[in-house]
Participant: 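Submitted below is the structure of interest, expressed as structure tokens.
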Amino acid sequence: MAFTPDPLDPDDDRPPYEQVASSLGAAIRTKKLAPGEKLPSHQRLTELYGFARATIQRALRELEDEGLVVSRKGSGVYVRNRTERPAGLRPYVEQAFAAQHVTIDFAGFTSETLHGALQEPLDKIRVGRLTPSSIRVRILVPDMAVPHVAPVRRDDGADDARLRKRMNDIMLGYARSIRDSINELEQLGLVPETTVEVRVHSGSAFFKLYVINGADVFFGYYPVKPNKVVAQGQAIEIYDLLGKDTVLFHHSVNEGESSSGAQQVQQAQMWFESVWDTVARDFDLDAQ
């Protein structure tokens, strides 16, 4: 069956190449263009999207940089076969907000990456380009009131309350911003129902996990590395969990009911629910 893209949004003010890349990327992520499938020719894509060949070429380069397609000289451009590859979170988060009911479960250290990934879809809701009926975000993070394996002082590996206070403040900043930005959408009448919940647990966070609309999972490990931070006005050498070095791997139910990807999504959701419902404790962002 020949590929037919969804119509582009006439009010989209992004450059044409970004619009084409976003459309093709969505088709790949939803398996409208299947792993290993050859994309239509440059000429056919110019006909389908109505943009110049140079625009199509730049869009395909964007998809290649993102790891979604691979160009084979003399043969064409193909959807990359390997689905469990390092993946970008942002396009999937934005795509999730096109659904009627949006759910995002996050487990990790501070929710900084989630905060960044939410900005564009929330902006699109504000201008009416995305119109979900409900948004529910759950954030599961370590309780920094108790000692953890990291962050700790580098010289003696000891716990330091100043480091935990610093990390708690970082987490509070991002979590409050996520809550306030999403709840504001309900207050403005843009989304009928919004919920943002935060719970803490006593375990150390050695990985980050995102479960998006119960259909896509992103998982990655936090490496522990030397770092130098300022806590309460004093520079401290520490062993830190560095989220910016985390490579995320993607798994999706779109790979098929009995696929490894679908099982990964099922197990990730099960794990999150089990911790959320048992050892995790409600955390009041305003009582800190």
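We use all heavy atoms of the structure for the numbers below, so side chains are in, but hydrogens, waters and symmetry mates are not. We count residues from 1, following the sequence as given.
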Participant: Can you get from Ile170 to Phe109 by hopping between Ile, Leu, Val, Met, Phe, Trp and Tyr side chains that sit under 4.5 Å apart?
Facilitator: yes
Participant: For side chain to side chain contact (heavy atoms under 4.5 Å, CB included), just list the numbers for Val279 and Val275, CA-CA rounded to whole Å, side-chain angles, deciding distance to a tenth of an Å, and then say yes or no.
Facilitator: CA-CA 6 Å; Val279 296; Val275 177; 3.9 Å; yes
Participant: I want to check something: taking the side chain as every heavy atom from C-beta on, are Val224 and Leu241 in contact at a cut-off of under 4.5 Å?
Facilitator: yes
Participant: Looking at Asp12 and Arg129, is any side-chain nitrogen of the basic one under 4.0 Å from a carboxylate oxygen of the acidic one?
Facilitator: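 The answer is yes: the pair qualifies as a salt bridge.
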Participant: Side chain to side chain contact (heavy atoms under 4.5 Å, CB included), that's the test. Do Glu64 and Ser71 meet it? Break it down for me.
Facilitator: CA-CA 8 Å; Glu64 194 161 12; Ser71 179; 3.7 Å; yes
Participant: Between Thr30 and Gln95, is any pair of side-chain heavy atoms under 4.5 Å apart?
Facilitator: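 They are in contact (side-chain heavy atoms under 4.5 Å apart), so the answer is yes.
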Participant: Thinking salt bridges, do Lys165 and Asp169 make one under a 4.0 Å N-O criterion?
Facilitator: yes
Participant: Check whether Gln264 reaches the backbone of Gly261 with its side chain - one donor and one acceptor, N or O, closer than 3.5 Å.
Facilitator: no
Participant: Taking ring pair (Phe, Tyr, Trp, His ring centres under 6.0 Å) as the test, write out the residues that go with His115, two or more places apart.
Facilitator: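 Only Tyr174 meet the ring pair (Phe, Tyr, Trp, His ring centres under 6.0 Å) criterion with His115.
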Participant: What class does the angle between the rings of Phe106 and Tyr210 fall in, given that below 30° is parallel, 30 to 60° is tilted and above 60° is perpendicular?
Facilitator: tilted
Participant: Taking Arg179 first and then Glu197, would you say they form a salt bridge - that is, a charged N and a carboxylate O separated by under 4.0 Å?
Facilitator: no
Participant: Quick one: CZ on Arg166 to CG on Asp240, what's the gap to the nearest 0.5 Å?
Facilitator: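 If we round to the nearest 0.5 Å, Arg166:CZ and Asp240:CG are 6.0 Å apart.
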Participant: Is it true that a side-chain atom of Ser111 and a backbone atom of Leu114 form a donor plus acceptor pair closer than 3.5 Å?
Facilitator: no
Participant: OH/Tyr78 to CG/Leu39 distance, rounded to the nearest 0.5 angstrom?
Facilitator: 10.0 Å
Participant: Name the one of Leu24, Leu45, Val70, Val69 that satisfies side chain to side chain contact (heavy atoms under 4.5 Å, CB included) with Val77?
Facilitator: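 The option that passes is Val69.
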Participant: Donor-acceptor check, side chain of Ser181 to backbone of Ile178, threshold 3.5 angstrom: yes or no?
Facilitator: no
Participant: Counting distance only, does the side-chain N/O of Asn213 pair as donor-acceptor with the main-chain N or O of Ala96 below 3.5 Å?
Facilitator: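 Side chain of Asn213 to backbone of Ala96, a donor-acceptor pair under 3.5 Å: yes, one is there.
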Participant: Would a hydrophobic clustering, with Ile, Leu, Val, Met, Phe, Trp and Tyr connected at side-chain separations under 4.5 Å, put Leu188 with Ile125?
Facilitator: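 Cluster IDs for Leu188 and Ile125 match.
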Participant: For Phe207, give me all partners under ring pair (Phe, Tyr, Trp, His ring centres under 6.0 Å), at least two apart in sequence or on another chain.
Facilitator: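 Ring pair (Phe, Tyr, Trp, His ring centres under 6.0 Å) check on Phe207 returns Phe219, Trp271.
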Participant: Under 3.5 Å, side chain of Asp160 to main-chain N/O of Arg162, donor-acceptor pair present?
Facilitator: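 Here the side-chain-to-backbone pair exists.
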Participant: Just by distance, with hydrogens left out, do Lys208 and Thr246 show a side-chain donor and acceptor under 3.5 Å apart?
Facilitator: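 No - no donor-acceptor pair under 3.5 Å links their side chains.
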Participant: Could you measure the distance from the OG atom of Ser22 to the CZ atom of Arg29? Nearest 0.5 Å is fine.
Facilitator: 6.5 Å
Participant: Would you say the side chain of Tyr92 lies within less than 4.5 Å of the side chain of His250, judging by non-hydrogen atoms?
Facilitator: yes
Participant: For Leu140, does its backbone N or O pair with a side-chain atom of Arg199 as donor and acceptor, under 3.5 Å?
Facilitator: no
Participant: Mind running side chain to side chain contact (heavy atoms under 4.5 Å, CB included) on Val211 and Ile104 for me, showing each step along the way?
Facilitator: CA-CA 6 Å; Val211 185; Ile104 298 177; over 6 Å; no
Participant: When you measure from the side chain of Ser177 to the backbone N and O of Gly173, does any donor-acceptor pair fall under 3.5 Å?
Facilitator: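 Flag not set: sc Ser177 to bb Gly173 has no pair under 3.5 Å.
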Participant: Any side-chain donor paired with an acceptor under 3.5 Å for Thr194 and Glu186?
Facilitator: yes
Participant: With no hydrogens and no angle check, is any side-chain donor or acceptor of His148 less than 3.5 Å from a backbone partner on Ala150?
Facilitator: no
Participant: When you measure from the centre of the six-membered ring of Tyr17, is the NZ or CZ of Arg58 under 6.0 Å away and within 45° of the axis?
Facilitator: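 Ring-cation test returns yes.
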Participant: Quick one: do the Asp143 and Ser202 side chains pair a donor with an acceptor below 3.5 Å?
Facilitator: no
Participant: Looking at CZ of Phe283 and NE2 of His201, how far apart are the two atoms once the value is rounded to the nearest 0.5 Å?
Facilitator: 12.0 Å
Participant: Given side chains that start at C-beta, do those of Ile212 and Val217 come closer than 4.5 Å, heavy atoms only?
Facilitator: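 The answer is no, as the side chains (C-beta and beyond) never meet within the 4.5 Å cut-off.
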Participant: Where do Asn227 and Leu242 land on the side chain to side chain contact (heavy atoms under 4.5 Å, CB included) test, with the steps shown first?
Facilitator: CA-CA 9 Å; Asn227 196 13; Leu242 297 180; 3.7 Å; yes
Participant: Search all heavy atoms of Phe218 against all heavy atoms of Leu89 and return the closest pair with its distance.
Facilitator: CD1-CD1, 3.7 Å
Participant: On a heavy-atom basis, which atom in Gly76 and which in Lys38 lie closest, and how many Å separate them?
Facilitator: CA-CE, 4.1 Å
Participant: Would Phe206 and Tyr221 count as a close aromatic pair, with their ring centres under 6.0 Å?
Facilitator: no
Participant: Pairs in or reaching into residues 259-273: which pass salt bridge (charged side-chain N to carboxylate O under 4.0 Å, His left out), with residues at least two apart or in two chains?
Facilitator: Arg138-Glu273
Participant: Rounded at 0.5 Å granularity, tell me how far OG1 in Thr55 sits from NE2 in His42.
Facilitator: 11.5 Å
Participant: How close do Pro132 and Val102 get, heavy atom to heavy atom, and via which atoms?
Facilitator: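 Scanning both residues completely, I find the closest heavy atoms to be CB-CG2, 3.9 Å.
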Participant: Enumerate the residue pairs fulfilling salt bridge (charged side-chain N to carboxylate O under 4.0 Å, His left out) with a member in residues 107-116, sequence neighbours excluded, ordered by first and then second residue.
Facilitator: none
Participant: Roughly how far, to the nearest 0.5 Å, is the OG atom of Ser133 from the NE2 atom of His101?
Facilitator: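 His101 NE2 to Ser133 OG: 5.5 Å, rounded to 0.5 Å.
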Participant: If you compare all heavy atoms of Gly203 against all heavy atoms of Pro142, which two are closest, and at what distance to 0.1 Å?
Facilitator: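 Minimum heavy-atom contact is O-CB, 3.5 Å.
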Participant: Mind checking who shares a hydrophobic cluster with Val229, ILVMFWY linked at side-chain heavy-atom distances under 4.5 Å?
Facilitator: Leu163, Ile236, Ile238
Participant: Would you say Arg154's side chain and Tyr239's backbone share a donor-acceptor pair under 3.5 angstrom?
Facilitator: no
Participant: Do side-chain atoms of Ser204 reach the backbone of Val149 as a donor and acceptor pair under 3.5 angstrom?
Facilitator: yes
Participant: Between Pro151 and Met167, which heavy-atom pair has the shortest distance, and what is it?
Facilitator: CG-CG, 3.7 Å
Participant: Ignoring hydrogens, what is the shortest heavy-atom contact between Phe3 and Leu48? Give both atom names and the distance.
Facilitator: O-CD1, 4.0 Å
Participant: Could you check whether any side-chain heavy atom of Val141 comes within less than 4.5 Å of a side-chain heavy atom of Thr110, counting everything from C-beta outward?
Facilitator: no
Participant: Once side-chain hydrogen bond (donor to acceptor under 3.5 Å, both in side chains) is applied, do any residues pair with Ser23, and if so which ones, sequence neighbours excluded?
Facilitator: Tyr49
